[in-house]
Every structure is written in C-alpha cells, then in structure tokens.
Amino acid sequence: MDKKQKVKDMNEYKKRKKNRNKKRKNKKKIKFILAMFSILAITITNLCGNAVVSNLKYEINNLKQDLRKEEIALDELKMEKLKNGSITNVEDKAKEKLNMDYPKNYQIRYIDMEN
C-alpha cells in the first residue's frame with residue numbers, strides 16, 4: 001500500500017503501523033551490524049599494522065646491533081694496522097725477527113750510470 005493512500009478502516013491502519021515499525025527495526029539492526037563490522041575491521045587493521053611495525057622495529061634493532069659489532073671489529077683492525085704499520089715497529093720487527101740492520105759502508109755498492 002502506498003503511504004499517500006487514505007486508510008479505509010482501523011485494521012488497515014494497524015497493519016501499516018506494524019510494517020513501519022518492522023522496517024525501522026530492520027534498518028536499525030542493519031546500521032548496528034554495519035557499525036560493528038566497521039569497528040571490527042578498523043581494529044583488526046590497526047592490530048595488523050602494529051604487528052608489522054613491531055616486527056620492523058625488531059629487525060632494525062637487530063641490524064643496528066650487527067652494524068655496531070662490525071664497526072667495533074673495523075676499529076680494532078684499524079688500530080692493529082696503525083700499530084703494525086708504523087716505521088718504528090717495522091724497524092724493530094726487522095731487527096728482532098729477521099736480524100736485519102742498516103748496511104755498513106763496505107756492504108754498499110754504487111753503480112755508475114751514463115746518460
């Protein structure tokens with residue numbers, strides 16, 4: 001029945017009123033269900049996003065720790081290189097381990113080169 005039509009008797013009026021109330025209740029239920037579904041979807045999305053962020057932070061922290069370990073190892077190697085590479089250390093090691101010394105005058109030979 002159309003809303004604009006006139007009501008002919010009381011029973012017809014009651015039926016229309018019941019139908020309106022049912023439609024309103026159905027609409028309210030649908031709105032409630034949609035709202036709950038939306039809230040649930042937002043909550044799940046938020047939780048998944050937080051899980052991803054937490055995993056990435058954990059990986060970043062592990063990579064920073066690895067980087068720090070590698071930097072320490074590099075610094076140790078640089079210090080060892082400086083320690084072993086200085087001229088005085090090389091000279092001392094040559095004298096101690098290889099029994100080397102500066103050449104004496106009689107050990108030096110000169111070669112004449114003509115231009």
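Keep in mind that what you see is a predicted model, and the values were worked out from it rather than measured.
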Pairs satisfying salt bridge (Lys or Arg N to Asp or Glu O under 4.0 Å), at least one member in residues 84-94, at least two apart: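 Counting only pairs at least two positions apart or across chains, the salt bridge (Lys or Arg N to Asp or Glu O under 4.0 Å) contacts touching residues 84-94 are Glu91-Lys95.
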Which pairs pass salt bridge (Lys or Arg N to Asp or Glu O under 4.0 Å) with one or both residues in residues 52-65, sequence neighbours excluded?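 Residue pairs with at least one partner in residues 52-65: there are none.
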Check which hydrophobic residues are tied to [X] through side-chain heavy-atom contacts below 4.5 Å, counting indirect links as well, and list them.
X	value
Met36	Phe32
Tyr106	none
Ile108	Tyr110
Ile30	Leu34

Side chain to side chain contact (heavy atoms under 4.5 Å, CB included) partners of [X], counting only residues at least two apart:
X	value
Arg109	none
Glu71	Leu67, Arg68
Thr43	Ile39, Leu47
Asn46	Asn50

List for me each residue that meets side-chain hydrogen bond (donor to acceptor under 3.5 Å, both in side chains) alongside Asn89, sequence neighbours excluded, and say none if there are none.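 Partners of Asn89 under the side-chain hydrogen bond (donor to acceptor under 3.5 Å, both in side chains) test: Ser86.
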Contacts of type salt bridge (Lys or Arg N to Asp or Glu O under 4.0 Å), residue Lys104, not counting sequence neighbours: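 Counting only residues at least two positions away or on another chain, Lys104 forms a salt bridge (Lys or Arg N to Asp or Glu O under 4.0 Å) with Asp101.
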Distance check, rounded to the nearest 0.5 Å: Leu98 atom CG versus Glu96 atom CD?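 Leu98 atom CG to Glu96 atom CD measures 10.5 Å (nearest 0.5 Å).
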Interatomic spacing from CG in Asp66 to CG in Asn61 - rounded to 0.5 Å: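 The CG atom of Asp66 sits 10.0 Å away from the CG atom of Asn61.
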